[in-house]
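Below is one structure, written out as structure tokens; comments come after it.
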Amino acid sequence: MIEPNQHDAFVVKQRFSLVVNEAVTNAVVHAFEGREPGTITLTLLAPPGALVAVVADDGVGMAHRTDSPGLGMGLAMIGGIVAMVARKK
């Protein structure tokens, strides 16, 4: 049986993994469009009471898309998941 606080921790970790997956996928798909491949770096940290992921690349950068209200759907999804987790605290 999973205790309520264990379930909450599981849900946070699950959402964290979705955010990391989406950020890495975005980098793989978009960072090197129209140029030679480069480097994508994923740094994971677990300071007490937190989970931190930094996804970085040396790609072409982010530009506004005319077919999207923001920079893209992936970032909107990441922001939504992060906001859900933040509201739970």
Side-chain angles (χ1 to χ4, degrees):
M1 182 167 141
I2 298 175
E3 298 296 323
N5 60 346
Q6 290 175 321
H7 175 64
D8 289 346
F10 173 78
V11 169
V12 168
K13 290 174 186 175
Q14 185 180 44
R15 291 177 180 166
F16 180 78
S17 67
L18 287 171
V19 166
V20 171
N21 182 64
E22 182 61 27
V24 171
T25 299
N26 281 352
V28 169
V29 171
H30 301 292
F32 309 109
E33 287 183 80
R35 59 159 273 192
E36 292 293 316
T39 302
I40 299 170
T41 305
L42 170 61
T43 305
L44 299 171
L45 305 168
L51 295 171
V52 179
V54 178
V55 178
D57 63 66
D58 59 357
V60 297
M62 297 169 59
H64 179 74
R65 292 178 46 174
T66 57
D67 63 339
S68 174
L71 289 170
M73 292 301 294
L75 285 178
M77 185 182 82
I78 289 170
I81 293 171
V82 170
M84 266 194 301
V85 171
R87 282 193 299 268
K88 294 284 264 174
K89 290 186 174 188

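Quantities reported herein were computed from a predicted structural model and do not represent experimental measurements. We use all heavy atoms of the structure for the numbers below, so side chains are in, but hydrogens, waters and symmetry mates are not.
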| request: Tell me, please, which residues at least two apart from Glu33 pass side chain to side chain donor-acceptor pair (under 3.5 Å). | output: His30
| query | Between Ala23 and Val55, which heavy-atom pair has the shortest distance, and what is it? | reply | CB-CG2, 3.7 Å
| Considering all heavy atoms of both residues, which atom of Val20 and which atom of Ala53 are nearest to each other, and what is their separation? | CG2-CB, 3.5 Å
| said: My understanding is that only residues two or more places apart in sequence, or in another chain, count here; which of them pass side-chain contact (heavy atoms from CB on, under 4.5 Å) with Asp58? | reply: Phe32, Arg35, Thr39
Expected list for residues 77-85: side-chain donor-acceptor pairs under 3.5 angstrom, two or more places apart:
none

| query | In a check of side-chain contact (heavy atoms from CB on, under 4.5 Å) between Phe16 and each of Val11, Asn21, Leu44, which one passes? | reply | Leu44
| said: Is there a continuous path of hydrophobic side-chain contacts, each under 4.5 Å between heavy atoms, that joins Val29 to Val60? | reply: no
| Hey, what do you get for OG1 (Thr25) to CD (Glu22), rounding to the nearest 0.5 Å? | 6.0 Å
